[in-house]
Protein chains: 2
Amino acid sequence: MSDDTKTRILDAAERLFADAGIDATSLRAITAEAGANLAAVNYHFGSKEALVGEVYGRRIDPLNRERIDRLQMALRDAGDGVPSLPAIVEAFVAPAMLAMQDPDAGRSFIRLVGRAHTEASADVRRIVFTRFQDVALAFQKALARALPQLDRSTVQARFKFMIGAMAYAMTDPTACAGPSERDVHRSLDRLVRFLVGGLQAPTGEEK
Amino acid sequence: MSDDTKTRILDAAERLFADAGIDATSLRAITAEAGANLAAVNYHFGSKEALVGEVYGRRIDPLNRERIDRLQMALRDAGDGVPSLPAIVEAFVAPAMLAMQDPDAGRSFIRLVGRAHTEASADVRRIVFTRFQDVALAFQKALARALPQLDRSTVQARFKFMIGAMAYAMTDPTACAGPSERDVHRSLDRLVRFLVGGLQAPTGEEK
DNA sequence: GTCTATAGGGGGATAGAC
DNA sequence: GTCTATCCCCCTATAGAC
């Protein structure tokens with residue numbers, strides 16, 4: 001049983017951060033929600049910023065590992081040829097979208113991750129960006145292989161559009177409204193089709 | 001000359017909100033930056049929340065009017081036929097992207113607007129959403145006309161993906177790095193092509 | 001490990017002089 | 001309209017008892 005104080009604080013913080021934002025969530029609110037004492041946060045984590053890092057890391061690290069695993073499978077399938085664009089896109093967005101169904105992680109985590117990319121606080125952006133950098137590079141490289149007709153800066157720009165669309169889909173309450181598996185798969189399918197269409201759009205520069 | 005205290009406070013607040021986020025920006029920081037007194041905020045605006053509303057409204061309202069104007073021109077060009085998808089997309093994103101060049105509004109405003117769609121605070125979301133609702137409905141209707149092969153819920157979903165990609169492009173410091181007209185137009189062109197490709201992607205359901 | 005109590009700072013808002 | 005001074009609240013972090 002991992003229902004100890006530390007875990008309850010992480011769960012409460014995750015939920016409150018997702019609802020109201022990080023700045024607006026006080027340690028008092030977190031410990032009250034967790035049924036713990038105010039001092040417990042500093043005892044277990046050291047500071048609010050360290051707590052934020054653990055809230056993100058607990059979920060993001062496995063998520064990013066799954067992205068990399070799926071990407072490597074897609075690249076292995078392609079051998080020396082051009083890898084499948086939908087497979088790459090799905091490797092990137094599916095782990096996040098499917099996590100919506102996870103009753104443990106659940107919706108609040110997804111909104112939190114979605115928001116991570118746009119969070120105002122420079123501290124939070126740094127925390128998330130550090131954990132995301134390797135993933136971003138690997139996917140940009142794979143996208144460049146799958147889209148040989150695009151120059152590098154166009155691939156970078158389109159990769160960012162992809163992050164934006166995904167992040168927004170993740171924070172949108174109606175997009176992840178249904179906890180039903182059916183709804184989640186439909187949302188994922190829609191997102192992948194949209195992104196594939198956008199990524200392989202003509203640039204107006206090829207002959 | 002509108003370089004009065006009220007305007008200076010609005011300018012300073014806009015800049016600081018964009019840099020650090022709204023919650024993290026204190027009235028003390030704003031008045032210091034504006035060269036005004038702390039009490040001036042409550043004298044001119046009544047409260048911090050009212051100031052936030054004016055910071056957004058001052059820029060968003062003209063922006064949304066321009067979107068509607070451009071959309072109506074695109075729809076008029078189409079007559080009774082199917083309107084041009086790129087024209088609709090450009091009507092939506094161009095006013096925001098081109099505002100990056102405006103030396104008056106400038107970059108901080110754009111990042112602020114981009115962030116508005118993903119801002120954590122429920123108060124801020126309400127302020128922005130209220131001013132955005134009419135625009136969203138008009139564009140969803142136009143997109144449905146331009147994409148008759150898509151069902152309504154798919155159009156809604158794709159419209160949200162479009163907002164996400166645009167908002168992220170607006171907050172990304174490298175995307176709006178250059179104050180140069182050339183860079184801005186290239187960013188806009190890339191975004192429009194990506195979005196058009198995504199919006200008209202096949203759904204996998206048509207025969 | 002978990003509590004109470006409090007230090008120490010910063011926040012938004014306001015009263016009242018000028 | 002703009003200032004100073006201040007109220008009162010909530011925050012994070014910590015000290016020290018249990």
Side-chain angles (χ1 to χ4, degrees), chain A residues 1-58 112 115 119-128, chain B residues 1-58 112 115 119-128:
Chain A
M1 184 62 146
S2 68
D3 195 16
D4 57 2
T5 298
K6 192 169 175 179
T7 305
R8 288 204 319 278
I9 289 175
L10 283 171
D11 291 341
E14 181 176 274
R15 191 162 48 248
L16 294 171
F17 286 164
D19 284 343
I22 293 171
D23 276 355
T25 301
S26 68
L27 297 185
R28 284 173 169 76
I30 293 168
T31 49
E33 174 99 355
N37 187 274
L38 171 60
V41 168
N42 278 287
Y43 177 78
H44 286 288
F45 301 94
S47 70
K48 183 179 180 180
E49 186 175 333
L51 169 63
V52 172
E54 288 211 37
V55 166
Y56 273 105
R58 176 173 71 143
L112 193 59
R115 183 174 291 166
E119 184 71 38
S121 154
D123 287 338
V124 174
R125 281 199 307 266
R126 204 195 56 242
I127 289 170
V128 174
Chain B
M1 184 62 148
S2 67
D3 195 15
D4 57 1
T5 298
K6 192 170 175 178
T7 303
R8 289 204 319 277
I9 289 175
L10 282 171
D11 291 340
E14 181 176 274
R15 192 161 48 247
L16 294 171
F17 287 164
D19 284 343
I22 295 171
D23 276 355
T25 301
S26 68
L27 297 185
R28 284 171 170 81
I30 293 168
T31 49
E33 174 98 358
N37 187 273
L38 171 60
V41 169
N42 277 288
Y43 176 80
H44 286 288
F45 301 94
S47 69
K48 184 179 179 179
E49 186 175 332
L51 169 62
V52 172
E54 289 211 36
V55 167
Y56 273 104
R58 176 173 71 143
L112 195 59
R115 185 175 290 166
E119 183 71 39
S121 155
D123 287 338
V124 174
R125 282 200 307 266
R126 202 195 58 243
I127 289 170
V128 174

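Letters A, B, ... are given to chains in the order of the sequence lines, protein chains preceding strands, and every chain is numbered from 1.
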Quiz item: Which residue pairs pass the salt bridge (Lys or Arg N to Asp or Glu O under 4.0 Å) test when at least one of the two sits in residues 34-52 of chain A, sequence neighbours left out?
Solution: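 Of all non-adjacent pairs touching residues 34-52 of chain A, those that pass salt bridge (Lys or Arg N to Asp or Glu O under 4.0 Å) are A/E49-A/R126.
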Practice problem: Sort and list the pairs that fulfil salt bridge (Lys or Arg N to Asp or Glu O under 4.0 Å) and have at least one residue in residues 22-31 of chain B, not counting sequence neighbours. | Solution: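 Of all non-adjacent pairs touching residues 22-31 of chain B, none passes salt bridge (Lys or Arg N to Asp or Glu O under 4.0 Å).
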Quiz item: How would you list, by chain and number, every residue that makes a side-chain contact (heavy atoms from CB on, under 4.5 Å) with B/A32, sequence neighbours excluded?
Solution: none
Quiz item: Can you name the residues that form a side-chain contact (heavy atoms from CB on, under 4.5 Å) with A/N37, not counting sequence neighbours?
Solution: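 Partners of A/N37 under the side-chain contact (heavy atoms from CB on, under 4.5 Å) test: A/A39.
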Exercise. Verify, without hydrogens or angle tests, whether B/T7 (side chain) and B/D3 (backbone) share a donor-acceptor contact under 3.5 angstrom.
Key: no
Quiz item: Taking the six-membered ring of B/F45 as reference, does the NZ or CZ atom of B/K6 fall below 6.0 Å from its centre and within a 45° cone about the axis?
Solution: yes
Self-check item: Contact state string [nucleotides 12-18 of chain C, B base, S sugar-phosphate only, - no protein heavy atom under 4.0 Å]
Solution: BBB----
Quiz item: Where does DNA chain C form stems of at least three consecutive Watson-Crick or G-U wobble pairs, each pair having both distances below 3.5 Å?
Solution: C:1-18 with D:1-18
Self-check item: Between P of D/dT2 and CZ of B/F45, the distance in whole Å
Solution: 11 Å
Quiz prompt | Short side-chain N/O contact to D/dG1 OP1/OP2 from B/T5, under 4.0 Å | solution = no
Quiz item: Taking atom CZ of A/R15 and atom CD1 of A/I30, what is their separation to the nearest 0.5 Å?
Solution: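 A/R15 CZ to A/I30 CD1: 10.5 Å, rounded to 0.5 Å.
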Quiz prompt | salt_bridge(A/E33, A/R8) N-O dist < 4.0 Å | solution =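 Salt bridge flag = no for A/R8 with A/E33.
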